[in-house]
Peer 1: 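One structure follows; several queries about it will come next.
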Amino acid sequence: MVAITLPDGSVRSYDKPVTGGEVAAEIGPGLAKAAMVVRVDGELWDLDRPIDHDVELAIVTDKDEAAALEVLRHDCAHVLAMAVQELFPGTQITFGPSTDDGFYYDFHREEPFSTEDFEAIEKRMGEIVDRNVPIQREIWSRDEVAAYFKEKGETFKAEWVWELPEGEDITMYRQGDWIDLCRGPHLPTTGRMGKAFKLMKLAGAYWRGDSRNPQLQRIYGTCWRNEKELKAHLMRIEEAEKRDHRKLGREMNLFHLQEEARGSVFWHPKGWELYRTCERYMRMRLEEAGYVEVKTPQLVDRALWERSGHWEKFRDHMFIAEVDESSSASESAEDIVETASASTDGNVHHLALKPMNCPCHVQIFRQGIKSYRELPLRMAEFGSCHRYEPSGALHGLMRVRAFTQDDAHIFCTEDQIESETKIFIDLLSSIYEDFGFEEFVIKFSDRPETRAGSDETWDKAETALKGAALAAGADLIMNPGEGAFYGPKLEFVLRDAIGRDWQCGTLQVDFVLPERLDAEYVGEDGERHRPVMLHRAILGSFERFIGILIENFAGRMPMWLAPVQAVVAPITNDQDGYAEQVAKTLAKAGIRVETDLRNEKINYKIREHSHAKVPAILVVGAREAEDGTVAMRRLGGKDQEIVALQDATDRLRDEALGPFGR
RNA sequence: GCUGCCGUGGCUCAGGGGUAGAGCACCCCCUUGGUAAGGGGGAGGUCGAGAGUUCGAAUCUCUCCGGCAGCACCA
């Protein structure tokens with residue numbers, strides 16, 4: 001007897017194994033037709049897979065969005081692979097999972113694919129859908145699978161089958177004469193998949209994600225339940241492209257990058273204004289939160305990096321300078337370089353541009369004898385760091401080689417970890433809110449396999465960190481085994497206006513560095529103790545955070561962040577004098593204002609400043625000059641409002657101050 | 001770093017073995033116009049760099065550099 005419990009609690013009994021498809025058909029023809037897969041005790045199963053024991057069963061239709069998309073996309077990956085193998089014989093299949101918004105399939109083929117092949121592949125995929133081939137789940141033995149793929153020349157699949165866990169059924173999915181080793185589940189036929197799919201990009205990817213392995217060719221696609229969803233997705237991509245900070249940065253004249261300084265930013269006046277506003281704001285918040293600010297050297301002798309352990313681990317990613325101290329100052333720079341590189345004596349020193357600030361902060365902590373009374377000591381630095389990032393990793397402001405962290409290290413006792421964590425999370429969420437991010441999640445990463453420190457220390461650190469995070473009332477997503485080697489960490493991920501996630505903040509507990517660099521304080525008991533270091537950042541780096549701000553606001557910054565907060569535009573040159581006077585009044589109130597006295601029509605000026613995303617345009621004509629008013633037009637609005645100059649000033653001032661005005 | 005694609009005025013792009021094109025931006029002139037492009041004129045490029053093929057290369061080939069996408073990396 002097989003008893004099937006349905007979601008409404010009703011139970012159906014069968015005297016022999018039954019399939020999900022059969023159950024659906026019994027309930028009704030409409031459901032049978034809509035059924036995609038079934039959920040059996042929480043696991044997705046194919047409709048034709050026999051159920052031979054008592055289970056809870058739910059029929060999954062496309063109303064169950066997450067499950068439906070998962071299955072659809074996985075099917076789509078198979079159809080892609082089948083189409084590719086039909087069109088390009090000799091291509092080997094490997095893996096093809098679903099992703100957040102689609103799927104991909106990794107192929108091995110000597111000749112590279114081209115995006116020009118996409119049209120033909122999509123067409124063939126459509127044909128496979130039209131063929132409406134049944135998709136069948138089959139259980140094979142490991143040897144059979146290996147022999148099958150070996151015979152077909154599918155070396156990757158033949159190799160992979162041996163990696164599958166013992167004791168699990170090995171399933172093959174057959175659609176027509178094409179078979180793939182796959183866990184499933186899949187739709188009953190290729191026709192059920194529909195045609196709301198599109199191939200998107202082509203890229204290289206390493207076999208099993210390891211750069212030591214051969215590289216495969218990955219074809220990305222997207223797939224949805226219907227045309228409408230597909231179209232909406234393509235619109236979202238377009239929207240994200242419009243927000244690209246590299247494009248907006250150029251259009252708004254904020255910054256540029258050029259090859260003579262790869263990975264470093266040339267900030268233009270308006271971009272730097274934005275940067276400085278962020279910095280000024282952060283400095284204000286940190287001061288309020290009891291931090292002290294420091295500044296530490298850019299170039300630091302190798303010896304310190306050796307002690308901290310960075311030299312050994314990250315040497316290849318550090319910018320190293322070599323100097324020969326025996327060279328006299330009178331020699332030309334060229335000579336010094338030559339002498340240094342040719343020199344083998346002991347006068348050559350290696351200095352590294354700091355890739356992080358913590359070892360330097362410990363040096364400051366170590367000056368003089370510290371008392372427990374001074375803890376927690378919160379030491380902040382807007383630390384300029386350099387890291388030699390791999391060329392392929394560079395990306396606009398988001399990933400650079402020279403950046404400035406809003407870094408701080410909190411030297412404290414183990415007992416203070418929890419309260420400091422709580423205080424930090426409160427500060428961070430208040431700051432994110434000021435920048436317009438309401439939503440963020442916290443990821444908790446605990447002990448990795450290779451780590452420093454005793455289990456007791458880890459227990460204590462993890463408990464304190466986790467407890468404090470939970471106390472702050474945020475979602476906590478577990479990230480097991482992903483902690484730093486020196487301690488557990490929290491990662492703060494904020495969600496932007498179009499739903500993208502960005503990891504910005506971090507809080508890491510570190511017992512190792514104070515030990516390595518010999519930081520200590522005198523406790524209440526008169527003995528020397530090791531402090532704990534909390535590494536923490538809120539924005540992460542100013543460069544990246546500004547990139548995120550630009551994309552989040554699509555360039556339309558809230559007034560307090562906007563580099564130019566208002567433009568005064570006279571209608572004719574007769575009002576130039578009044579315009580200057582208005583600008584002067586606003587500037588006196590602390591508003592970043594410009595005048596536009598060019599000999600252009602007002603339409604033209606409005607259009608241009610709107611494109612430049614200036615939050616407020618104040619138009620002044622003869623009437624305004626006469627009455628002492630301004631016609632104020634806000635970015636995004638269609639109308640203007642005539643207000644007395646004093647009112648306009650007051651209103652704009654409040655908004656322009658933003659968090660500074662609190 | 002790896003794979004693929006791409007490099008033509010400031011920007012967006014067309015062209016393509018026979019001495020470089022458009023629109024916008026820029027400069028000058030006319031126009032002083034009430035809420036998203038007024039009109040006219042002008043200037044601006046050794047077509048990413050180097051080598052090769054050719055009578056002739058921006059165009060074809062190779063090498064390098066850079067950009068983009070993904071992968072790998074991210075203390």
Side-chain angles (χ1 to χ4, degrees), chain A residues 99 104 106 108-109 111-117 200-220 241 244 246-247 250-251 253 256-260 262 305 308-318 354-359 385 387-396 398-401 403 405 407 484-486 489 503 506 508 510 512-513 535 540-541 544 569-576 597-612 617-624 631-642:
Chain A
T99 63
Y104 63 79
D106 287 345
H108 178 79
R109 177 178 176 235
E111 213 168 306
F113 288 112
S114 141
T115 43
E116 282 162 28
D117 299 326
M200 304 295 288
K201 330 181 230 229
L202 188 60
Y206 300 105
W207 167 240
R208 304 185 63 185
D210 190 326
S211 58
R212 289 166 302 193
N213 286 340
Q215 198 157 24
L216 308 169
Q217 299 188 62
R218 176 172 296 180
I219 296 179
Y220 280 91
E241 276 167 12
D244 191 314
R246 293 165 300 183
K247 183 173 129 80
R250 188 173 51 235
E251 285 171 8
N253 197 10
H256 85 268
L257 302 160
Q258 69 183 52
E259 62 179 281
E260 285 84 353
R262 289 189 75 196
W305 305 114
S308 72
H310 292 105
W311 187 265
E312 195 195 349
K313 226 176 146 143
F314 297 108
R315 192 206 175 305
D316 290 345
H317 298 280
M318 289 161 73
K354 65 174 169 185
M356 50 177 19
N357 310 297
C358 27
C385 296
R387 295 180 186 174
Y388 189 74
E389 303 286 4
S391 59
L394 301 177
H395 181 92
M398 302 300 191
R399 189 85 179 266
V400 286
R401 285 177 174 162
F403 54 96
Q405 294 176 315
D407 198 11
F485 76 94
Y486 48 73
K489 62 181 179 186
Q503 196 214 299
T506 180
Q508 305 171 11
D510 183 359
V512 175
L513 209 56
H535 305 243
S541 93
R544 190 173 115 96
I571 290 182
T572 74
N573 292 141
D574 291 342
Q575 290 88 47
D576 283 2
L597 308 183
R598 292 175 304 170
N599 173 15
E600 294 292 350
K601 285 194 168 179
I602 198 64
N603 282 329
Y604 184 88
K605 293 182 186 180
I606 301 267
R607 178 182 152 84
E608 203 165 75
H609 299 300
S610 298
H611 278 160
I617 301 172
L618 307 183
V619 174
V620 293
R623 291 198 296 271
E624 287 78 13
M632 185 155 67
R633 180 192 170 107
R634 301 304 306 269
L635 182 61
K638 283 246 179 291
D639 307 317
Q640 63 279 356
E641 192 187 355
I642 311 291

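Within every chain, numbering begins at 1; the chains are lettered A, B, ... in the order of the sequence lines, protein sequences first and strands thereafter.
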Peer 1: For B/rC74, does OP1 or OP2 lie under 4.0 Å from any side-chain N or O of A/Arg399?
Peer 2: no
Peer 1: Choosing from B/rC65, B/rU32, B/rA36, which nucleotide comes nearest the side chain of A/Thr572?
Peer 2: B/rU32
Peer 1: On a whole-Å scale, what distance lies between the P atoms belonging to B/rA72 and B/rU3?
Peer 2: 16 Å
Peer 1: Quick check on B/rG4: is either OP1 or OP2 less than 4.0 Å from any side-chain nitrogen or oxygen of A/Arg109?
Peer 2: no
Peer 1: Check every atom of B/rA75, B/rC2, B/rU35 against the side chain of A/Tyr206 and return the nucleotide holding the closest atom.
Peer 2: B/rC2
Peer 1: If B/rC74 has a Watson-Crick or G-U wobble mate with both distances under 3.5 Å, name it; if not, just say none.
Peer 2: none
Peer 1: Testing the 3.5 Å rule here: is there a donor-acceptor pair between the side chains of A/Asn573 and A/Asp576?
Peer 2: yes
Peer 1: What contact category does A/Arg218 fall into here, base, sugar-phosphate, or nothing, at under 4.0 angstrom with non-hydrogen atoms?
Peer 2: sugar-phosphate
Peer 1: What nucleotide, of B/rA36, B/rC68, B/rA75, holds the atom closest to the side chain of A/His317?
Peer 2: B/rA75
Peer 1: How long is the span from the CG atom in A/Leu618 to the CD atom in A/Gln640, to the nearest 0.5 Å?
Peer 2: 11.5 Å
Peer 1: Just name whichever nucleotide pairs with B/rG33, Watson-Crick or G-U, keeping both distances under 3.5 Å, else none.
Peer 2: none
Peer 1: Report the relative orientation of the aromatic rings in A/Trp305 and A/His310; use parallel for angles under 30°, tilted for 30 to 60°, perpendicular for over 60°.
Peer 2: perpendicular
Peer 1: Name the closest nucleotide to the A/Lys201 side chain, picking from B/rA69, B/rA75, B/rG1.
Peer 2: B/rA69
Peer 1: Expressed in whole Å, how much space separates the C1' atoms belonging to B/rG45 and B/rA25?
Peer 2: 16 Å
Peer 1: Picking from B/rU32, B/rA75, B/rG38, which would you name as closest to the side chain of A/Phe314?
Peer 2: B/rA75
Peer 1: Provide the Watson-Crick or G-U wobble partner of B/rU19, both distances under 3.5 Å; none if there is no partner.
Peer 2: none
Peer 1: Restricting both atoms to N or O, compile the protein contacts to nucleotides 22-26 of chain B shorter than 3.5 Å, with distance only.
Peer 2:
from	atom 1	to	atom 2	distance (Å)
B/rA25	OP1	A/Tyr604	OH	3.4

Peer 1: Heavy atoms from C-beta onward define the side chain here; which of B/rU32, B/rC71, B/rA36 lies closest to that of A/Asn573?
Peer 2: B/rU32
Peer 1: Using a cut-off of strictly less than 4.0 Å, decide whether A/Arg250 has a side-chain nitrogen or oxygen near OP1 or OP2 of B/rU12.
Peer 2: yes
Peer 1: Any side-chain N or O of A/His611 less than 4.0 Å from the OP1 or OP2 oxygen of B/rA37?
Peer 2: no
Peer 1: Have a look at A/Pro390 and say if it touches a base, only the backbone sugar-phosphate, or nothing, with a 4.0 Å heavy-atom cut-off.
Peer 2: base
Peer 1: Indicate whether OP1 or OP2 belonging to B/rC2 is found under 4.0 Å from a side-chain N or O atom of A/Arg212.
Peer 2: no
